[in-house]
Amino acid sequence: MNKERKNRLAEFAVKRILLLFIILGVLICEKRVFAYTPYDSYTYSNATGTIEAIPTPAPYIPADYINSDRIGTELSRPCDFAFGPDGNLYVIDSNLNKIVVLNRDFKVVKEIKSFKRDSKDEGFNNPQGLFVDSTGQIYVCDTGNGRVLMLNNEGELISVYTKPDSPLLGADYEYKPVKIAVDSSGTLYVINTNEYSGLMKITPQGRFVGFIGSNKAIVSPVVKFWKKIMSETQKKQLLSFVPVEYHNISMDSEGFIYAVSATKSGENPIRRINLSGTDILIRNGYVGVKGDLVTPKTITKDTKSGSVFVDICSSGNGNYFALDSNYGRIFVYNQEGFLLYVFGGRGVQIGTFTTPSAIELQDDRLLVLDEVNAAITVFKKTQFANLISQAEQHYYQGNFEQSKRSWNEVLKLCSTYEFGYLQLGKIYLQEKDYFNAMRCFKLGNYRGDKVTFMTGYNKAYTEIRKIWFSKYLAVMVLGGLALAVIVSAYRRFVSKRRKKQGEGHGKL
Amino acid sequence: MKKQIRFAFHILTHPFDGFWDMRFDQKGSIWMALLGYVMLIVSNVIQKEVTNYLFNDHAMTLTDIGMEIQMVLIPSALFCIGNWSVTTLLDGEGRFKDIVMALGYSMYPLSIIPIPLAFLSLAFTYSESVYYTGLIAISGIWFFFLLFAGIMTIHQYSVTKMIATTVLTIFAMIILVFIGLLFFELISQFFVFATAVYQELSFRY
């Protein structure tokens, strides 16, 4: 009786356990939910000896699509937008000549179509750009009228900046401002149409200071050679070589200007300009800060020509997002100039663009403006990008343990993400764990810079060599001495032997 | 054997004298020369496998030994055939065997410096990179100097004639590559044609 009962109990237990396993199995094997994106996300790697695009998980996924129907007012050709200090979004429409102000939920707060000037109503004419400063004042590039307008947050005119009166600009100088950025002191940085000399720096009083951040014209050696042997008429037919033209600027949180020049042959399409006009951008990585790689060897992502940047924005932690209109991609670099990831593409699905024209960042939301589609695509950050930001933030704050944990999480999501290994290596180097640093730098394929020798695999290797030498130097010296003594003793022995045998040669 | 090794080092240090002895006094041996080719293959493999990660672009990739053998033997064969075809027309005194031997002996510096250097590089960092690149460059320069001296001596050429034949040799090598590719292409086309005819016939009957 007791035995039977035991057996039945055992049978019951076995059945239970089996059932549990089956349920668990079903749960585990169930397909994971994942977000499909209509574009590839990637970063560059040099692990195989040639630079290649390596896929990464999507760092940002499309979350919302805002067009005229959605906001309830018409948008025809929005070409620029900016966030105000109140979190509202200011969109400028060059076709309908108006500014639409949207709140966080993309509901219309107000529209600015006209303003009073000397008690007369005036409007915009083909406005191309706008900027909202930290007090909520709106600067509008009224391109068609050749002026920059400064409005307060209610849309009332404060001042007008027409063509500055300066001997540097000739009488027939055409002033058609397209993009603008304003620093904390109220100084205006203006991009003028077809202006190759750089950014126009204008004081709050409207006085023209000069051009800053001017580009150099780049003439290739081949062209130089042809120019030497060409006749005068041929030279005239040649296109004039002008320096590259800036296409957009944005102010970062530290008061520096990020500027992009949309040129296919440009050496440095992205710059970070300080107040005196020098480029202070830090460049790193395999490709440098120039978007897509254009080498026939590595056309893994249909890049037959390089990136053409139209806008740039930066986040509070020093990362910057550059918008490429050629392939509709967004390139994200960190403050050390390493490429974090690339995403986005051209197309008609939500998440891709036909004519991307502006990009802005609000907290973790990324907004991209499509000019012809008259729509804003809202992207939200994924776990992958979130972890990277966390890891970087912890690193710059000095919380190495937490940063390490986040990087390991990132590498769990994407084990081929070289930059993660590189940063882990840096942390291990800080912690003087040189063997792990070496391992991570190798996985991150980062040998270190050849100028200062201060980081990378090279640094870890140097430290290990130092330790090794200090440990074994005594042994090596003693061993060498011992070897020398033994050899000389042996030689003496041999020569003695030979002398004895009557040969008389001391040869070994 | 000891004599052969000593002769190889004699060539490395006194190329004009050494190659003269090789060509006209029947010193040296074809086996010692072929050892130069083998050592170069071994040297290339060791360089890719052993060299410090800091100086090694192939550290993260697998080494394909078949590929390494091809990378040495195909260019060597092209050079020997190309040089022989040019120099027989231009009164060169060297036979095909002499060219193969001269090339083989010239290849010694490409292995006797880089093989120990690969191991030594494990003690180097970027601060000592100049020694690494310098020694690799020296081995290369030594190789080209030996090859130049060797080919010049076995054919009994003057320097100007040697330079001219070198240019012609390079042309000959390019032509050889072209003819080789053409030949393989034609053969493969022929096979495609033959199989197509066979298939048509087999479908019909």
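Below, read A as the first sequence line, B as the second, and so on, with proteins coming before strands; counting in each chain starts at 1.
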Can you tell me which portion of [X] sits under 4.5 Å from chain B's heavy atoms? Options are side chain, backbone, both or neither.
{"X": "A:K459", "value": "neither"}
{"X": "A:N46", "value": "neither"}
{"X": "A:R447", "value": "both"}

Can you classify the ring geometry of A:F453 versus B:Y126 as parallel (below 30°), tilted (30 to 60°) or perpendicular (above 60°)?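 Ring orientation of A:F453 relative to B:Y126: tilted.
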
Is the count of non-hydrogen atoms from other residues, nucleotides or ligands lying under 6.0 Å from [X] atom [atom1] greater than 12?
{"X": "B:I65", "atom1": "CD1", "value": "no"}
{"X": "B:L89", "atom1": "CG", "value": "yes"}
{"X": "B:K161", "atom1": "NZ", "value": "yes"}
{"X": "B:F24", "atom1": "CZ", "value": "yes"}
{"X": "B:R95", "atom1": "CZ", "value": "yes"}
{"X": "A:Y396", "atom1": "OH", "value": "yes"}

Is A:Y461 reaching over with its side chain to a backbone N or O of B:F124, donor-acceptor style, under 3.5 angstrom? no

Could you tell me whether the side chains of B:Y53 and A:N458 share a donor-acceptor contact shorter than 3.5 Å?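 Note: B:Y53 and A:N458 side chains miss the donor-acceptor criterion.
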
Nearest 0.5 Å, what's the CD1-OG1 distance between A:I464 and B:T125? 12.0 Å

Would you give the length of the straight line joining atom CG of B:N52 to atom OH of A:Y457, rounded to the nearest 0.5 angstrom? 5.5 Å

